[in-house]
**Q** 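First, the structure itself, so that you have it in front of you.
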Amino acid sequence: MKNVITIDGPSGSGKGTVSRIIAARLGYDYLDTGALYRAAAWKVRAKPVDPDDEVAVKNLLDETEISFKNGKVFVDGVDVTKEIRTAEIGELSSKVSAMPAVRQRLFRIQRGLCLKGSVVIEGRDTGTAIFPESENKFYLDASIEERARRRFAELKAKDPETTIEKTLDDIRRRDNRDSSRKASPLMKTEEMSFIDSTNMTIEEVAERIIKSLKA
Ligand code: DC
């Protein structure tokens, strides 16, 4: 399968921006799978249900419609694209994403959205669990300090109370949880081309990926 490009990596690795650039350049669709987990977390918080109660979270999501279209995320038809970009929802999404029932629910949505055409899909398990059959798999990373700097630059406008130290702590906690969970953890495999973006521009990373695509 060559028309699905998977890009995995931790928070702040640059995978979102790079994926959007590559998709636009190749005329592919783009799917941000983290946005779907954030949308699930948004619903858990809005209802609200206890985020530690897997059965309650599963039941809630079974009756929730989550979709992604043209870079926007919808929960039951409501556009939540902006609201899900907070540190709080980031933390909650990492928590609920460790639940197998949540991953199963979102697995079906992700496969369904992608099977129709050519797509760049990015997240934590897109090359290992969602499209293991892809022949174009990438893993993006950067030093934790650089990733925290990038996240902090995004978050500080929305949350003036945030500090770089707090952002670094949040990232460390999320890295740990996302990589150590039992259900499809964030993982680099031998089939993935590895790119360390610490000292690279977004443009350089996008170029490197496009050049190494199997036609
Ligand atoms: O990439 P992001 O920060 O928007 O992702 C939010 C959370 O969603 C992340 O901490 C873990 C979870 N996630 C996941 O478990 N699997 C994915 N494919 C994408 C995100």
**Q** Within the 4.5 Å heavy-atom criterion, are V102 and K58 side-chain neighbours or not?
**A**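 Sidechains of K58 and V102: no contact.
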**Q** Output the distance between atom CD (E63) and atom CG (D76), rounded to the nearest 0.5 Å.
**A**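 Here the interatomic distance stands at 8.5 Å.
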**Q** So which heavy atom on V205 is nearest to which on L140, and how close?
**A**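 Reported closest heavy-atom pair: CG1-CD1, 3.7 Å.
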**Q** Quick check: does any side chain N or O of S197 sit under 3.5 Å from a backbone N or O of S13, one acting as donor and the other as acceptor?
**A**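 Yes.
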**Q** Ignoring hydrogens and geometry, is there a side-chain-to-backbone donor-acceptor pair from D125 to T128 under 3.5 Å?
**A**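 Not a single qualifying donor-acceptor pair exists.
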**Q** Looking at every heavy atom in both I210 and R25, which two are closest together, and how far apart are they?
**A**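 In this case the closest contact between I210 and R25 is CD1-CD, 4.0 Å.
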**Q** Within the side chain of R108, is there an N or O that forms a donor-acceptor pair under 3.5 Å with the backbone of R111?
**A**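 No, R108 side chain to R111 backbone: no donor-acceptor pair under 3.5 Å.
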**Q** Are V4 and M192 linked, directly or through intermediate hydrophobic residues, by side-chain heavy-atom contacts shorter than 4.5 Å (ILVMFWY only)?
**A**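 No, no single cluster joins them.
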**Q** Could you check if a side-chain atom of K82 sits within less than 4.5 angstrom of a side-chain atom of K72, using non-hydrogen atoms only?
**A**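 Of all side-chain heavy-atom pairs linking K72 with K82, none is under 4.5 Å.
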**Q** Looking at R38 and D32, is there a salt bridge between them, counting it only when a charged N and a carboxylate O are closer than 4.0 Å?
**A**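 No, this pair does not count.
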**Q** Might you point out which heavy atoms bring T167 and A148 nearest each other, and give the distance in Å?
**A**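 Nearest pair, atom of T167 first, then A148: CG2-O, 3.7 Å.
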**Q** Honestly, is K69 close enough over F74, meaning NZ or CZ under 6.0 Å from the six-membered ring centre and within 45° of the axis?
**A**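 Checked: cation-pi criterion not met.
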**Q** Indicate yes or no for a side-chain donor-acceptor contact from E204 to the backbone of T201 under 3.5 Å, with no hydrogens or angles considered.
**A**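 It does hold such a pair.
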**Q** Would you say T33 and L106 make side-chain contact, with heavy atoms under 4.5 Å?
**A**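 Side chain of T33 against side chain of L106, heavy atoms only: no contact under 4.5 Å found.
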**Q** For E154, run the salt bridge (charged side-chain N to carboxylate O under 4.0 Å, His left out) check against K156, K158, R151 and tell me which one passes.
**A**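 With E154 as partner, K156, K158, R151 yield a single salt bridge (charged side-chain N to carboxylate O under 4.0 Å, His left out), made by R151.
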**Q** Evaluate the side-chain proximity of V120 to D29: yes if any heavy-atom separation is below 4.5 Å, no if none is.
**A**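 They are not in contact (no side-chain heavy atoms under 4.5 Å apart), so the answer is no.
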**Q** Ion pair present between R173 and D169, side-chain N to carboxylate O less than 4.0 angstrom?
**A**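 The answer is no: the pair does not qualify as a salt bridge.
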**Q** Indicate yes or no: does K95 engage D52 in a salt bridge with an N to O separation below 4.0 Å.
**A**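 Yes.
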**Q** Within the structure provided, determine whether D178 and R181 are in side-chain contact (heavy-atom separation under 4.5 Å).
**A**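 Yes, at least one pair of side-chain atoms sits under 4.5 Å.
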**Q** Is there a side-chain contact between I121 and I5 (heavy atoms, below 4.5 Å)?
**A**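 No - every pair of side-chain heavy atoms lies 4.5 Å or more apart.
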**Q** Check this for me, if you would: do E191 and K137 make a salt bridge, where the nitrogen-to-carboxylate-oxygen distance has to be below 4.0 angstrom?
**A**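 Salt bridge: yes.
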**Q** Testing I66, T86, I84 one by one against W42 for a side chain to side chain contact (heavy atoms under 4.5 Å, CB included), which residue passes?
**A**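 The residue from I66, T86, I84 that satisfies side chain to side chain contact (heavy atoms under 4.5 Å, CB included) with W42 turns out to be I84.
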**Q** With no hydrogens and no angle check, do the side chains of S11 and R150 hold a donor and an acceptor under 3.5 Å apart?
**A**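 Judged by distance alone, the side chains do not pair up.
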**Q** Could you give the distance from CZ (R45) to OG (S93), rounded to the nearest 0.5 Å?
**A**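 One finds 12.5 Å between CZ of R45 and OG of S93.
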**Q** Any idea which heavy atoms bring L155 and R85 closest together, and the distance?
**A**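 Smallest interatomic distance, heavy atoms only, reads CD2-O, 4.1 Å.
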**Q** Does atom CZ of R177 have more than 12 heavy-atom neighbours from other groups under 6.0 Å away?
**A**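 Yes, the 6.0 Å shell around CZ holds more than 12 heavy atoms from other groups.
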**Q** How long is the straight-line distance from CD1 of I89 back to OH of Y37, given to the nearest 0.5 Å?
**A**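 That separation rounds to 15.5 Å.
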**Q** Less than 4.0 angstrom from a charged side-chain N to a carboxylate O is my criterion; do K166 and E91 meet it?
**A**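 Judged by the 4.0 Å cut-off on N to carboxylate O distance, K166 and E91 do not form a salt bridge.
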**Q** Using a strict threshold of under 4.0 Å (side-chain N to carboxylate O), is an ion pair present between E122 and R20?
**A**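 So R20 does not pair with E122 through a salt bridge.
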**Q** About how many Å separate CD of E165 and CG of L168, when rounded to the nearest 0.5 Å?
**A**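 Here the interatomic distance stands at 8.0 Å.
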**Q** Going only through I, L, V, M, F, W and Y residues with side-chain contacts under 4.5 Å, is there a path from F194 to V18?
**A**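 As far as the 4.5 Å side-chain criterion goes, V18 and F194 are not connected within one cluster.
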**Q** Shared ILVMFWY cluster between I130 and L61, side chains joined below 4.5 angstrom?
**A**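 Hydrophobic grouping puts I130 with L61.
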**Q** Between R124 and D8, is there a side-chain N and carboxylate O pair less than 4.0 Å apart?
**A**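 No.
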**Q** Any side-chain heavy atom of I144 sitting closer than 4.5 Å to one from I171?
**A**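 Yes, side chains in contact.
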**Q** In the structure I gave you, are the side-chain heavy atoms of K15 and P10 within less than 4.5 Å of one another anywhere?
**A**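 A side-chain contact is absent here, since even the closest heavy-atom pair is not under 4.5 Å.
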**Q** Please find the pair of heavy atoms, one from F138 and one from S212, that lie closest to each other, and give the distance.
**A**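 Scanning both residues, the minimum pair turns out to be CE2-OG, 3.4 Å.
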**Q** I need the Y30 OH to I7 CD1 distance, nearest 0.5 Å.
**A**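 Rounded to the nearest 0.5 Å, the OH-CD1 separation comes to 9.0 Å.
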**Q** Can you name the closest pair of heavy atoms from Y28 and N3 and give their distance?
**A**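 The pair with the smallest heavy-atom distance is CE2-O, 3.6 Å.
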**Q** Given 3.5 Å as the limit, does a donor-acceptor pair link the side chain of T81 with the main chain of V73, or not?
**A**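 Answer holds: yes.
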**Q** More than 12 heavy atoms of other residues, nucleotides or ligands under 6.0 Å from CG of D62: is that the case?
**A**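 It does: D62 CG has more than 12 such atoms within range.
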**Q** Mark yes or no for whether K43, through its side chain, and V75, through its backbone, hold a donor-acceptor pair below 3.5 Å.
**A**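 Between the backbone of V75 and the side chain of K43 there is no qualifying donor-acceptor contact (under 3.5 Å).
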**Q** Could you give the distance from OG (S19) to CD1 (I21), rounded to the nearest 0.5 Å?
**A**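 Separation between the atoms: 9.5 Å.
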**Q** For the hydrophobic clusters of this structure (ILVMFWY residues joined by side-chain heavy atoms under 4.5 Å, transitively), does one cluster hold both L36 and F131?
**A**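 Yes.
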**Q** Is it the case that the side chains of N136 and S134 hold a donor-acceptor pair, with the cut-off being a distance below 3.5 Å and no angle test?
**A**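 S134 vs N136: no donor-acceptor pair found between side chains.
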**Q** Any donor-acceptor pair under 3.5 Å linking the side chain of T198 with the backbone of S143?
**A**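 Between the backbone of S143 and the side chain of T198 there is a qualifying donor-acceptor contact (under 3.5 Å).
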**Q** Are I202 and I209 linked, directly or through other ILVMFWY residues, by side chains that come within less than 4.5 angstrom of each other?
**A**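 Yes, I202 connects to I209 through the hydrophobic network.
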**Q** Is it the case that S94 and R174 place a side-chain donor and acceptor less than 3.5 Å from each other?
**A**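 Result is no, nothing qualifies.
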**Q** Salt bridge or not for R147 and D141, using N-O below 4.0 Å?
**A**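 Answer for the salt bridge query: yes.
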**Q** May I ask you to decide if S97's main-chain N or O and R103's side chain share a donor-acceptor pair within less than 3.5 Å?
**A**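 Yes: the side chain of R103 pairs with the backbone of S97.
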